[in-house]
Undergrad: 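This is the structure I have questions about; it appears just below.
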Amino acid sequence: MKLAAIIPCYRVGNHIVDVVTAALEQIDHVFVIDDACPEGSGDLVSANFATDRVTVLRHKTNRGVGGATITGYKAALKSGFDVLIKIDGDGQMDPAFLPALLQPLFASEADYTKGNRFYRKRDLKCMPFTRIFGNSMLSVLNKASSGYWNVMDPTNGYTALSRTAALEIEWSKVARRYFFESDLLFRLNIARAVVQDVPIPSRYGEENSNLRVLHALPTFLFGHLCNFVKRYFYSYIVRDFSVATVHSIGGAILFLFGVTFGAVTWLHSVRTGLDTPVGTVMVAVLPIILGFQLLLAAISFDIGSAPKRPLGRILFIPPKRRLTDDQPNLLEWRQRP
């Protein structure tokens with residue numbers, strides 16, 4: 001399997017040469033995307049690596065980490081690489097963990113692997129508290145919006161993506177900036193790709209994050225809400241109509257009815273000063289209890305329905321989808337493992 005590293009660059013001039021050097025020790029080819037970097041990261045790479053194993057791609061205007069990564073993904077796919085590994089250019093990602101990140105893909109156990117800084121307690125000691133809290137909250141939102149309830153640390157950028165899964169993604173619809181990793185998980189779930197966490201600690205030094213939490217928070221909240229609605233509609237209405245559909249719709253109706261009826265009854269009691277009859281109270285309470293139980297059942301079903309069989313085992317990519325100029329013949333198809 002041919003491996004390609006995708007390294008988006010923006011304000012990483014102090015680290016990018018070391019990152020590329022470490023990547024070349026284990027990876028076949030490195031695609032460096034200079035995302036209109038004011039520090040000239042692309043020029044630094046070009047000046048330090050006179051080899052055909054390094055390709056520098058440049059954006060005239062900044063497209064964000066997602067836009068730069070997508071540019072690298074498309075270039076790697078067009079060049080025929082089998083595994084696309086995203087590595088940030090700030091030096092936080094230890095290349096020594098690449099074998100652990102790639103093993104599930106080599107063993108056909110997953111389509112997409114990502115680092116998880118929360119797996120080991122000792123790895124959290126070097127992580128700033130604000131990052132621990134923020135990533136924990138984002139992980140809860142991501143579980144609901146993406147459907148990967150077994151995945152933690154969704155914004156971790158240390159990832160590996162198989163070619164088969166990459167060809168199933170509509171890259172024109174994927175978020176371009178900091179919501180990129182979270183949005184990609186949602187797209188992978190729609191494609192029914194298997195995602196697996198790999199315990200990988202991060203290395204924190206003097207680098208400064210370009211992410212502004214207060215500025216990005218509304219984008220993340222709105223993005224997760226939209227993805228949750230779209231995933232529910234596609235997975236439980238269009239693609240399949242399961243018991244979870246009945247539980248979720250019935251539970252939502254009962255719960256909302258109980259809350260609304262109870263609120264109206266309570267306001268009426270406050271205004272008139274009259275006690276609410278027990279029977280009227282039960283009319284509000286019972287739908288709330290039953291609706292809540294049905295919603296819990298729907299969530300339980302959703303947790304258990306995460307993709308389990310990698311796309312590489314069930315999908316065949318015909319020649320026209322390979323994004324390469326060489327077209328295999330029928331004999332090569334039949335010999336494909």
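What you see below is based on every heavy atom in this structure, not just the backbone, and it leaves out hydrogens, waters and symmetry mates.
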Undergrad: Passes ring pair (Phe, Tyr, Trp, His ring centres under 6.0 Å), F81 versus H29? Steps please.
TA: CA-CA 9 Å; F81 287 94; H29 198 94; 5.7 Å; yes
Undergrad: Taking side-chain contact (heavy atoms from CB on, under 4.5 Å) as the definition, give me every residue that meets it alongside T272, ordered by chain and number, with sequence neighbours left out.
TA: H268, L274
Undergrad: Say whether R176 and N62, considering side chains only, have a donor N or O and an acceptor N or O under 3.5 Å apart.
TA: no
Undergrad: Evaluate whether atom OH of Y119 has more than 12 neighbouring non-hydrogen atoms of other residues, nucleotides or ligands under 6.0 angstrom away.
TA: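 Counting other residues, nucleotides and ligands, OH of Y119 stays at 12 neighbours or fewer.
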Undergrad: Any Lys/Arg nitrogen of D302 or R231 sitting under 4.0 Å from an Asp/Glu carboxylate oxygen of the other?
TA: yes
Undergrad: Quick check: are there more than 12 heavy atoms from other residues, nucleotides or ligands sitting under 6.0 Å from CG of N150?
TA: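 For N150, atom CG is crowded (more than 12 foreign heavy atoms under 6.0 Å).
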Undergrad: Do the side-chain N and O atoms of N116 and D153 include a donor-acceptor pair separated by under 3.5 angstrom?
TA: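 The answer is no; no qualifying pair exists.
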Undergrad: Just so I know, are the side chains of I7 and V19 near enough to count as touching, which here means a heavy-atom distance under 4.5 Å?
TA: yes
Undergrad: Is it the case that over 12 heavy atoms from other parts of the model lie below 6.0 angstrom from the CZ atom of F292?
TA: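 Atom CZ in F292 is not packed in, count stays at 12 or less.
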Undergrad: Surrounding CZ of F97 (heavy atoms of other residues, nucleotides or ligands, distance under 6.0 Å), is the total greater than 12?
TA: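 Correct, the count exceeds 12.
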Undergrad: Hydrophobic clusters here meaning ILVMFWY residues chained together by side-chain heavy-atom distances under 4.5 Å, can you tell me if V140 and F220 are in one?
TA: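 No: no chain of side-chain contacts under 4.5 Å links V140 to F220.
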Undergrad: If only side-chain N and O atoms count, and only distance matters, is there a donor-acceptor pair under 3.5 Å linking Y148 with N142?
TA: no
Undergrad: Of V65, T71, I70, which meets side-chain contact (heavy atoms from CB on, under 4.5 Å) against P8?
TA: V65
